[in-house]
Amino acid sequence: MGFLIRYVVVAAALLALVWFGIPKLKQSMGSVSRIEVRLPSVVVVHDYAGEQQQVREILQEQKSVRFAFKKPAVTETTESTNDTAPAVDTATSVPAVEQHPRPALAKADEECSWGITCAPFPYYTTDGVAAGMLSGGVLINCLEYVTINNVLCIRATSAESDNETQLLFPQRAVLLMTSRPEGLDAEALTALKGYYKYEAEIEKYVREQQMKSNSNGDANPYKKEYVAAYQAYEASIKEAKRITEARDKADMGDRVKAEDLLRTLRHEQAVLQRRVQDVQPKYREWKNAHPEAYSGAAFDPNKDPQVVSLRAEQKRLAPLLQGLIP
């Protein structure tokens with residue numbers, strides 16, 4: 001009898017819980033589902049001018065870096081044989097395996113032997129012809145400083161192949177590194193080349209967009225002369241690249257003709273470059289003094305989607321590049 005009473009009491013309690021509790025639970029769940037969760041918006045802020053200034057300061061400091069490039073040594077080893085050993089080659093050339101510490105951005109007065117391109121500037125043949133535009137992320141072996149057409153350059157060869165053709169790279173387009181690129185593992189080296197490839201792409205894109213945003217400044221009395229000189233210089237670079245490529249594939253007779261054309265073009269480029277250098281300060285001074293003549297919307301690289309996207313890619317690579325980036 002006691003058991004029956006306890007059973008009835010428990011059953012009644014459970015029935016009451018179901019009857020009165022579920023409606024309140026539904027009401028409670030409904031109120032929860034109507035809650036609006038507001039997350040703070042994330043704004044990615046870039047300081048393009050500040051980032052560029054960091055690179056310029058490093059390049060300025062690196063002007064006192066000394067070059068000390070040496071070709072990798074090859075060690076000659078001789079394997080001796082005896083009467084009981086099987087016959088083997090008695091002399092084998094084995095490349096020396098040299099351990100290199102992890103590279104870093106070179107500081108003032110340090111020695112270095114290599115660098116990486118980081119900006120879209122013209123590069124030159126050793127006789128001073130502007131032969132093309134640099135892309136970023138190219139590794140070079142640095143040999144010495146030379147000045148061509150009043151531009152401080154680095155005479156260098158490729159650090160990525162056995163091609164020993166020497167070219168002249170503007171110092172302001174090459175970040176110098178200590179040690180050797182072999183001091184980086186494959187992942188870090190790929191990241192390094194990608195980072196500075198993006199750096200040059202950003203600078204090239206920003207230049208183009210700034211030119212477009214300023215294209216309505218027709219009142220500037222120096223605009224026509226400046227644009228004409230700049231375009232003529234760019235055209236001469238493309239022509240030099242075309243002639244150089246044709247020369248490298250030509251037979252001896254056509255190669256001589258191409259060399260003559262390149263010598264002529266070198267003198268023409270020097271004149272065009274001086275013309276740009278003469279008129280550019282006047283063009284910019286007038287532009288800064290007359291902002292009302294440039295009514296178009298100013299280009300802001302800090303808000304441009306393409307610049308923001310490329311900077312995000314650089315940020316993704318940055319953890320692998322400690323000491324190798326500004």
Side-chain angles (χ1 to χ4, degrees), residues 52-67 69 105-106 108 112-159 165-177 196 199-204 206-208 210-211 222 225-244 259 261-285:
Q52 290 297 101
Q53 182 60 29
Q54 279 185 305
V55 174
R56 281 194 291 267
E57 288 174 356
I58 292 172
L59 290 169
Q60 182 65 29
E61 180 184 359
Q62 289 187 340
K63 284 185 177 181
S64 62
V65 168
R66 303 183 307 280
F67 296 141
F69 173 70
L105 285 166
C112 87
S113 65
W114 71 288
I116 185 166
T117 58
C118 64
F121 287 107
Y123 64 89
Y124 305 86
T125 62
T126 52
D127 54 0
V129 177
M133 296 294 290
L134 283 174
S135 56
V138 178
L139 307 184
I140 61 172
N141 294 318
C142 302
L143 305 178
E144 65 174 348
Y145 285 117
V146 297
T147 300
I148 192 78
N149 297 339
N150 296 319
V151 177
L152 180 63
C153 293
I154 299 170
R155 186 166 62 86
T157 60
S158 171
T165 300
Q166 296 182 4
L167 294 169
L168 306 180
F169 297 86
Q171 182 269 338
R172 58 182 176 170
V174 179
L175 281 167
L176 304 174
M177 303 287 176
Y196 285 113
E199 186 71 24
E201 286 179 2
I202 291 170
E203 185 168 345
K204 182 175 184 291
V206 169
R207 283 187 204 170
E208 291 170 350
Q210 288 175 337
M211 287 289 288
Y222 304 103
E225 182 183 1
Y226 173 63
V227 171
Y230 189 82
Q231 290 177 344
Y233 182 59
E234 278 197 326
S236 74
I237 293 174
K238 293 178 181 178
E239 178 65 6
K241 184 177 181 181
R242 184 191 67 79
I243 296 173
T244 301
E259 293 286 357
L261 288 174
L262 288 172
R263 276 191 288 272
T264 301
L265 197 56
R266 179 187 64 185
H267 297 297
E268 292 177 358
Q269 285 181 342
V271 173
L272 290 171
Q273 190 174 31
R274 283 195 297 271
R275 192 178 300 168
V276 172
Q277 292 170 344
D278 288 343
V279 71
Q280 189 179 62
K282 301 172 187 176
Y283 170 84
R284 289 180 174 173
E285 182 180 359

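Every value quoted in this text rests on a predicted model; they were computed, and no experiment measured them.
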inquiry  = Does either side chain, that of R266 or that of Q269, offer a donor lying less than 3.5 Å from an acceptor on the other one?
reply    = no
request  = Go through the steps for F67 and S113 under the test side chain to side chain contact (heavy atoms under 4.5 Å, CB included), then give the verdict.
outcome  = CA-CA 5 Å; F67 296 141; S113 65; over 6 Å; no
Approximate separation, where rounding is to 0.5 Å, of E239 CD and L262 CG = 9.0 Å
key: H267, E268, R274 screened by side chain to side chain contact (heavy atoms under 4.5 Å, CB included) with V271, the one that passes   = R274
key: Minimum heavy-atom distance between C118 and Y196, given as atom pair plus value   = CB-CD2, 3.7 Å
Under 3.5 Å, which donor-acceptor pairs do the side chains of residues 137-144 form with other protein atoms, sequence neighbours left out?
{"unit_1": "N141", "atom_1": "OD1", "unit_2": "R180", "atom_2": "NH1", "d": "3.1"}
{"unit_1": "N141", "atom_1": "OD1", "unit_2": "R180", "atom_2": "NH2", "d": "2.9"}
{"unit_1": "N141", "atom_1": "ND2", "unit_2": "S158", "atom_2": "O", "d": "3.0"}
{"unit_1": "E144", "atom_1": "OE2", "unit_2": "R155", "atom_2": "NE", "d": "2.7"}
{"unit_1": "E144", "atom_1": "OE2", "unit_2": "R155", "atom_2": "NH2", "d": "2.9"}

request  = Would you mind reporting whether T244 and V129 have side-chain heavy atoms less than 4.5 Å apart?
outcome  = no
inquiry  = Please determine whether the number of non-hydrogen atoms from other residues, nucleotides or ligands lying under 6.0 Å from atom CZ of R284 exceeds 12.
reply    = no
query = Nearest heavy-atom pair of T126 and L167: which atoms, and what distance?
reply = CG2-N, 4.5 Å
message = With a 4.0 Å cut-off on N to O distance, would you call K204 and E208 a salt bridge?
response = yes
query = If you draw a 6.0 Å radius around CD in Q166, do more than 12 non-hydrogen atoms from other residues or ligands fall strictly inside?
reply = yes
task = Identify the two heavy atoms, one from Q171 and one from Y145, that lie closest to each other, and give their separation to 0.1 Å.
result = CG-CE2, 4.0 Å
message = If you compare all heavy atoms of Y233 against all heavy atoms of Q273, which two are closest, and at what distance to 0.1 Å?
response = OH-NE2, 3.6 Å
ask   = Picking from V151, L152, L168, what satisfies side chain to side chain contact (heavy atoms under 4.5 Å, CB included) with V146?
value = L168
ask   = How many angstroms lie between CG in L261 and CD in E259, if you round to the nearest 0.5 Å?
value = 9.5 Å
ask   = According to the interplanar angle, ranging from 0 to 90°, do the rings of Y283 and Y226 count as parallel (below 30°), tilted (30 to 60°) or perpendicular (above 60°)?
value = parallel
Exam field: side chain Q62 to backbone A106, donor-acceptor pair closer than 3.5 Å = yes
query = Would V279 and Y230 satisfy side chain to side chain contact (heavy atoms under 4.5 Å, CB included), going step by step from the backbone distance to the final call?
reply = CA-CA 10 Å; V279 71; Y230 189 82; over 6 Å; no
inquiry  = Using 0.5 Å steps for rounding, measure from the OG1 atom of T157 to the CH2 atom of W114.
reply    = 13.5 Å
ask   = Can you list the residues that meet the salt bridge (Lys or Arg N to Asp or Glu O under 4.0 Å) rule with R207, with sequence neighbours excluded?
value = E203
task = Rounded to the nearest 0.5 Å, what's the gap from OG1 on T117 to CZ on F169? Could you check?
result = 7.5 Å
Shortest non-hydrogen contact between S236 and L265, atoms and distance = O-CD2, 3.7 Å
ask   = Which pair of non-hydrogen atoms, one from I148 and one from C153, has the smallest distance, and what is that distance?
value = CG2-SG, 3.5 Å
note = So NZ of K238 and CE of M133: to nearest 0.5 Å the spacing works out to 9.5 Å
query = What distance separates E234 CD from L272 CG, expressed to the nearest 0.5 Å?
reply = 11.5 Å
